[in-house]
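Heavy-atom basis, side chains included; hydrogens, waters and symmetry copies ignored. Heads up: numbering here begins at 1 and tracks the sequence. Whatever order the structure lists them in is the order used to number ligands and atoms, beginning at 1.
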Amino acid sequence: MADRRMADRRDWTIEAVKRIEADINRSSDTHLLRHEVEGLPGIVFYFKDESTHPTGSLKHRLARSLFLFAICNGWITEGTAVVEASSGSTAVSEAYFAKLLGLPFHAVMPDETSSEKIAAIEFYGGQCHFVGDPMEIYVASRRLAEELGGHYLDQFTFAERATDWRGNNNIAESIFHQMAQEPHPVPEWIIMGAGTGGTSATIGRYIRFRHFDTRLCVVDTTNSVFYDNYTQGCRDLTIAKGSLIEGIGRPRVEPSFIPGVVDRMIKVPDAASLAAMHVLAKRLGRCPGGSTGTNFYGMCQIAAEMRARHTGGSLVTLICDAGERYRQTYFNDAWLAAQRLDIAPYAEQLTHFLACGEWCRPAL
Ligand SMILES: Cc1ncc(COP(=O)(O)O)c(C=O)c1O
């Protein structure tokens with residue numbers, strides 16, 4: 001009887017892996033957009049557009065890796081209720097994979113998660129649970145998984161190890177492959193925010209593993225402890241307030257954040273992130289999300305430093321998700337005013353910089 005059960009379990013596992021492989025086989029890679037800037041001759045910007053995944057964000061990659069990791073470890077099997085702590089994007093992608101595998105899915109998220117993300121999770125059949133304090137999502141997720149007899153995916157712990165950082169067309173390998181025929185194929189810098197820290201860990205490890213000269217800059221938000229962890233070395237830091245930039249910035253140093261693979265960090269004020277998001281939206285002709293704004297602000301700051309040193313080359317960052325998810329918030333003037341965020345000085349700073357290459361202090 002026990003043998004029969006083990007055999008059924010194994011059949012389910014093999015079938016689940018095959019379903020995910022077939023999904024990969026139906027997918028295509030995301031585009032690397034080239035963007036030249038009139039005020040920055042000799043410097044070329046590239047944007048890896050992760051918003052084009054079927055579930056709209058870079059988290060599609062992570063969700064797939066987390067499910068494969070948990071399935072192959074025997075943590076998820078037929079009928080397992082899957083639970084995740086998320087600021088929303090990961091849960092959207094995980095709800096998609098849970099549906100693909102016929103598994104119940106539960107997302108535990110902060111109260112302020114955008115209504116568009118909640119709708120997307122529900123669209124794939126997921127259930128949403130909310131907590132007031134962003135630090136509560138971990139305990140609440142673990143508790144819910146125990147109550148349901150299910151599995152807590154725990155992206156914040158497992159993101160860095162569930163991803164194949166040496167290759168297998170991970171995001172870093174894809175970037176370097178797509179850069180191969182550009183005038184400066186090895187980027188000076190790759191700029192990326194950290195939520196779990198999984199993407200920056202993959203990129204930083206891959207750069208070192210393949211001995212590229214590229215450096216990795218991680219940009220951090222106002223309400224987040226990653227920057228202080230990087231500069232001070234202490235991992236026990238916490239703050240009470242959640243990040244305003246959904247997907248990045250955390251109230252604790254997440255286990256998947258690996259500071260040893262990061263060459264530099266830049267702390268970006270929230271108003272600067274959202275100004276950069278608006279400026280980039282005009283330049284691209286379509287709207288990115290807030291964490292892409294943080295990336296873009298860091299990219300411009302690095303470009304300003306390169307210009308001051310009279311050096312050129314390529315800079316790469318990610319479009320993490322699209323702005324449609326933030327119509328009621330980041331793209332809503334009333335919401336910005338209610339948050340007391342004045343993005344105009346940073347928008348002027350960036351617009352001027354991109355037009356003539358002069359990096360002035362924002363007139364705050
Ligand atoms: C929109 C968005 N941008 C960036 C990130 C950061 O990615 P990572 O978790 O790999 O650090 C996330 C993570 O949730 C996200 O949702």
Side-chain angles (χ1 to χ4, degrees), residues 30 47-53 55-66 84-95 107-110 112-114 116-117 120-121 134 137 153-163 165 170-172 190-206 216-221 224-227 229-230 242-259 261-262 265 268 273-274 276-277 280 287-298 317-326 329-330:
T30 57
F47 297 93
K48 177 83 171 144
D49 188 0
E50 293 289 293
S51 72
T52 61
H53 285 292
T55 56
S57 83
L58 78 165
K59 293 300 166 148
H60 197 78
R61 295 176 191 269
L62 175 63
R64 186 165 58 205
S65 299
L66 288 168
E84 182 63 295
S86 174
S87 72
S89 298
T90 310
V92 175
S93 303
E94 289 169 342
V108 179
M109 300 183 293
E112 62 268 18
T113 306
S114 75
E116 290 85 348
K117 286 187 192 171
I121 294 163
I137 55 170
L153 280 168
D154 194 358
Q155 57 164 330
F156 294 105
T157 300
F158 294 111
E160 57 90 6
R161 73 194 80 155
T163 304
W165 58 270
N170 68 38
I171 191 161
I190 298 180
I191 299 107
M192 176 59 196
T196 62
T199 306
S200 55
T202 300
I203 294 171
R205 285 169 171 163
Y206 187 81
L216 170 66
C217 173
V218 170
V219 283
D220 200 18
T221 62
S224 176
V225 294
F226 288 135
Y227 180 85
N229 165 242
Y230 186 73
S243 172
L244 205 69
I245 310 298
E246 283 187 37
I248 58 167
R250 299 296 307 160
R252 70 170 200 188
V253 183
E254 300 299 348
S256 282
F257 177 65
I258 313 289
V261 303
V262 178
M265 284 194 70
V268 179
S273 292
L274 298 182
M277 180 198 73
L280 185 61
C287 299
S291 67
T292 306
T294 315
N295 291 346
F296 185 51
Y297 193 86
T317 194
L318 270 62
I319 297 176
C320 299
D321 65 358
E324 281 71 39
R325 290 186 168 169
Y326 310 101
T329 54
Y330 308 152

Q | 4.5 Å side-chain heavy-atom contact, V218 and Y230 | A | no
Is it the side chain, the backbone, both or neither of [X] that has a heavy atom closer than 4.0 Å to ligand 1?
X	value
L58	side chain
K59	side chain
D321	side chain

Q: Check ligand 1 against S89 and write out every atom of the ligand that is under 4.0 Å from a heavy-atom position of the residue.
A: 1 (C), 16 (O)
Q: Would you mind running through ligand 1 and noting each atom that sits below 4.0 Å from a heavy atom of A194?
A: 11 (O)
Q) Does the S256 side chain pair with the main chain of T157, one donor and one acceptor, at a distance under 3.5 Å? A) yes
Q. Does S57 have a heavy atom less than 4.0 Å from any atom of ligand 1?
A. no
Q) Any non-hydrogen atom of G197 lying under 4.0 Å from ligand 1? A) yes
Considering only protein heavy atoms, which is closest to [atom], and at what distance to one decimal place?
atom	result
atom 10 (O) of ligand 1	T199 OG1, 2.5 Å
atom 4 (C) of ligand 1	I248 CG2, 3.4 Å
atom 5 (C) of ligand 1	G247 O, 3.4 Å
atom 3 (N) of ligand 1	S291 OG, 2.8 Å
atom 11 (O) of ligand 1	G195 N, 2.7 Å

Q | Atom pair CZ/CZ of F257 and R250 - distance to nearest 0.5 Å | A | 13.0 Å
Q | For T294, the option from I245, I191, D220 that meets side-chain contact (heavy atoms from CB on, under 4.5 Å) | A | I245
**Q.** Candidate list T199, T292, T30, test side-chain contact (heavy atoms from CB on, under 4.5 Å), partner L318, passing option
**A.** T199
Q | Candidate with minimal heavy-atom separation from atom 8 (P) of ligand 1, of T196, L318, N295 | A | T196
Q: Could you tell me whether R325 and E246 make a salt bridge, using a distance below 4.0 angstrom between a side-chain N and a carboxylate O?
A: no
Q | side-chain hydrogen bond (donor to acceptor under 3.5 Å, both in side chains) evaluation trace for S93 with T55 | A | CA-CA 5 Å; S93 303; T55 56; 2.8 Å; yes
Q.
Testing E84, H60, Q155 one by one against T90 for a side chain to side chain donor-acceptor pair (under 3.5 Å), which residue passes?
A. Q155
(Q) Between S114 and T329, does the side-chain hydrogen bond (donor to acceptor under 3.5 Å, both in side chains) criterion hold? Intermediate values first, please. (A) CA-CA 8 Å; S114 75; T329 54; over 6 Å; no
